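Heads up: the structure comes next, in structure tokens.
Because the structure is a prediction, the values reported are computed rather than measured. Order of appearance sets the numbers: ligands from 1, and atoms from 1 within every ligand.
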Amino acid sequence: MRKAGFTVFLSIATASEAARRSLPFGVVLTSFDGTPPARYTVAMKEFRGVPASPGIAIGRAFLYNDDELTIPEYPILSHQVSFEMDRYRSAVGRSVDELEQIKTRSGPAGDPEGFLDTHLMMLQDPEIEAKVDLKIGKVLKNVEWVLQGVVDELVAKLATVQDAYLKERTLDIRDVSRRVLSHLLLGGGRVTLADLKEEVIVVTPSLMPSDAVSMNKKLVLGLAMDQGGKTTHTAILARSFEIPAVLGTVRVTREVRLGDWVIVDGNTGLVLVNPEPAVLEAYRVKQAQYREQELRLKSLNSLPAVTLDGRKIGLYANIEIPDEVESVLAHGGEGIGLYRSEFLFIEHGVGVSEEVQYEAYRRVLEGMGNRSVTIRTLDLGGDKLVPEMFSSKEINPLLGWRAIRFCLSTPGIFHTQLRALLRASAHGKLKIMFPMISGVGELEAALAALAAAKDELSAQGVDFDKTTPIGTMIEVPSAALVSDHLATMVDFFSIGTNDLTQYTLAVDRGNERISDLYEPFHPGVLRLIRQVIENAHQAGIPVAMCGEMASDPRAAVLLLGLGLDEFSMNAIGLPKVKQVLRALSTQEAQAFAASVLKLKRSRDIENALEAHTQGRFSQSESHV
Ligand code: PEP
Ligand code: MG
């Protein structure tokens with residue numbers, strides 16, 4: 001795409017102006033109609049990443065960084081130096097206001113060492129301002145970059161002096177500059193994504209699932225993230241919340257500024273920063289078309305997922321929080337095939353009470369009426385951490401203290417959850433399943449814990465459904481390989497292709513550096529899936545799939561052909577997969593699956609899936 005300059009109005013917000021408008025920003029964005037007078041010329045930038053959540057979002061960038069500030073570096077023109085200095089002075093002014101307020105609040109007793117005064121002096125030091133001014137003019141770079149350089153030089157100088165007092169001032173300098181930088185980049189303070197005040201595109205190096213789950217979903221229009229891949233939990237949450245997202249952009253946080261116009265194309269994995277007016281307009285049209293198409297697909301909601309030869313396929317939804325029930329029903333979900341209960345623990349802490357859990361599970365069951373709801377027991381660990389339990393970092397968290405391993409070694413936590421689940425079973429059609437089971441011994445231990453919870457409830461005369469179906473996830477290769485044994489112990493299987501792919505191929509599902517090696521359609525993964533389905537059917541139990549492969553419309557023909565009974569996915573993906581299934585016959589799918597399983601490379605398999613889908617459906621974009 002051609003990169004060209006264009007103009008956008010930016011004006012600096014004073015502290016009071018920002019406060020009056022309740023903006024989390026230091027920059028107030030005045031208007032954009034495509035042809036404003038040139039106040040500040042910026043070039044359009046384009047970033048490629050992984051299309052992690054479909055849809056198109058257009059909005060202003062909100063830079064979010066939980067741990068450290070990412071300092072952008074970009075060139076400026078000589079006439080923009082004064083603009084950059086205005087930004088600097090404004091950020092310093094707001095930092096001073098902030099410190100004055102802290103000083104008033106804490107009083108003299110709150111600051112016996114007078115460090116606030118020291119910081120105020122440093123902030124207003126004319127020498128630093130002069131240095132920044134001089135350097136900007138010389139290097140013609142943005143003020144954040146220049147300020148960071150000036151501070152680094154100062155700190156390096158202080159490191160060489162003998163005076164211990166002066167040496168210690170390096171910490172204060174870092175602290176003060178951090179405050180100014182945070183005003184320049186984030187509008188000051190640590191604004192959480194729950195505190196947003198207006199619609200934004202979140203641009204971030206990385207977002208923990210706990211941040212994603214607590215963000216204000218109504219105000220986050222889109223997400224662009226340097227790290228991560230399609231099956232990270234942040235991507236999964238974005239899809240659940242229907243927020244277009246592109247992950248694995250690598251550098252976008254370094255090149256985007258607070259308030260820049262950003263387009264996130266979650267269908268193709270493209271992020272455009274400061275798009276030219278014509279591009280912006282084209283994307284507005286695309287956005288409207290996409291929304292229209294989604295609406296059209298929703299008209300399939302009332303139709304059953306039945307193949308041409310009359311085979312009924314279960315189409316279920318994955319959820320992370322009870323609020324999603326509404327969206328499941330709106331997208332025609334027959335039930336919930338995976339409720340990731342760990343998000344309740346992430347939200348409330350690992351000690352979340354039996355009562356709070358019971359109410360959440362009950363709410364979902366009642367919300368779904370007579371539709372079945374499969375709740376997975378706690379799958380904490382890996383990338384889903386709660387600080388109380390995971391304070392020391394593991395070298396290989398995804399191979400470490402996670403899911404059922406965590407539960408079996410913290411029996412109190414597990415027992416409380418099992419009690420809450422069983423009690424909730426009295427209020428709907430509950431199914432329970434265990435995550436990350438690796439073999440018979442682990443499944444036996446989990447079933448024993450469940451039996452103990454049942455015995456206790458029975459002894460206490462507490463009502464629960466004694467026939468609640470119990471299943472296990474198949475997401476560890478060893479479980480797939482011994483699935484013949486496991487199938488005799490449970491009522492159903494649910495294949496978790498996200499982890500099954502990760503563990504079969506030894507490729508971290510969240511590491512964008514090796515995301516090209518993460519191949520859900522690797523023949524090795526497909527053989528395991530085939531084996532699991534065959535073993536389950538031999539034992540007379542049904543098999544669901546709740547990994548992201550189930551939501552890929554291209555994969556539907558293959559999975560149908562392999563005999564999969566139920567598909568479970570983000571609610572947003574349901575209509576498309578239904579559309580595909582309704583146009584297939586079992587016979588055709590079986591023949592196709594047999595031919596695909598002969599192929600040796602995932603690329604060949606993907607090409608075959610692509611070719612099969614192409615032309616038959618208006619849109620067949622991947623959701624995997
Ligand atoms: C999976 O691994 O495919 C799965 C559904 O579980 P999660 O994504 O929560 O690890
Ligand atoms: Mg998993």
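Going from atom CG of Asn511 over to atom CD of Gln502 covers 10.0 Å, rounded to the nearest 0.5 Å.
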Between the protein and ligand 1, are there any N or O atom pairs that come within less than 3.5 Å of each other, and if so, what are their names and distances?
from, atom 1, to, atom 2, distance (Å)
ligand 1, 2 (O), Glu475, OE1, 2.9
ligand 1, 2 (O), Asp499, N, 3.0
ligand 1, 2 (O), Asp499, OD2, 3.0
ligand 1, 3 (O), Gly496, O, 3.4
ligand 1, 3 (O), Thr497, N, 3.1
ligand 1, 3 (O), Asn498, N, 2.8
ligand 1, 3 (O), Asn498, ND2, 3.2
ligand 1, 6 (O), Arg376, NH1, 2.9
ligand 1, 8 (O), His233, NE2, 3.3
ligand 1, 8 (O), Arg340, NH2, 2.8
ligand 1, 8 (O), Asn498, ND2, 3.0
ligand 1, 8 (O), Arg509, NH2, 2.7
ligand 1, 9 (O), His233, NE2, 2.9
ligand 1, 9 (O), Arg340, NE, 2.7
ligand 1, 9 (O), Arg340, NH2, 3.4
ligand 1, 9 (O), Arg376, NH1, 3.2
ligand 1, 9 (O), Arg376, NH2, 2.8
ligand 1, 9 (O), Lys384, NZ, 3.4
ligand 1, 10 (O), His233, NE2, 3.4
ligand 1, 10 (O), Arg402, NH2, 3.2
ligand 1, 10 (O), Asp499, OD2, 2.9
ligand 1, 10 (O), Arg509, NH1, 2.9

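Angle OE1 (Glu475) to the Mg ion (ligand 2) to OD2 (Asp499): 100°, rounded to 10°.
Checked against a 6.0 Å centroid threshold, the rings of His348 and Phe343 do not count as neighbours.
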Quick one: side chains of residues 434-445, donor-acceptor pairs under 3.5 Å with protein atoms, not counting sequence neighbours, listed by atom name and distance.
from, atom 1, to, atom 2, distance (Å)
Ser438, OG, Glu442, OE1, 2.7
Glu442, OE1, Ser438, N, 2.7

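Screening residues 215-250 for ring-ring contact (aromatic ring centres under 6.0 Å, His included) gives no qualifying pairs among residues at least two apart or on separate chains. Counting only residues at least two apart or in different chains, side chain to side chain donor-acceptor pair (under 3.5 Å) contacts with residues 472-495 comprise Ser483-Asn535.
A donor-acceptor contact closer than 3.5 angstrom is absent between the side chains of Gln357 and Thr416.
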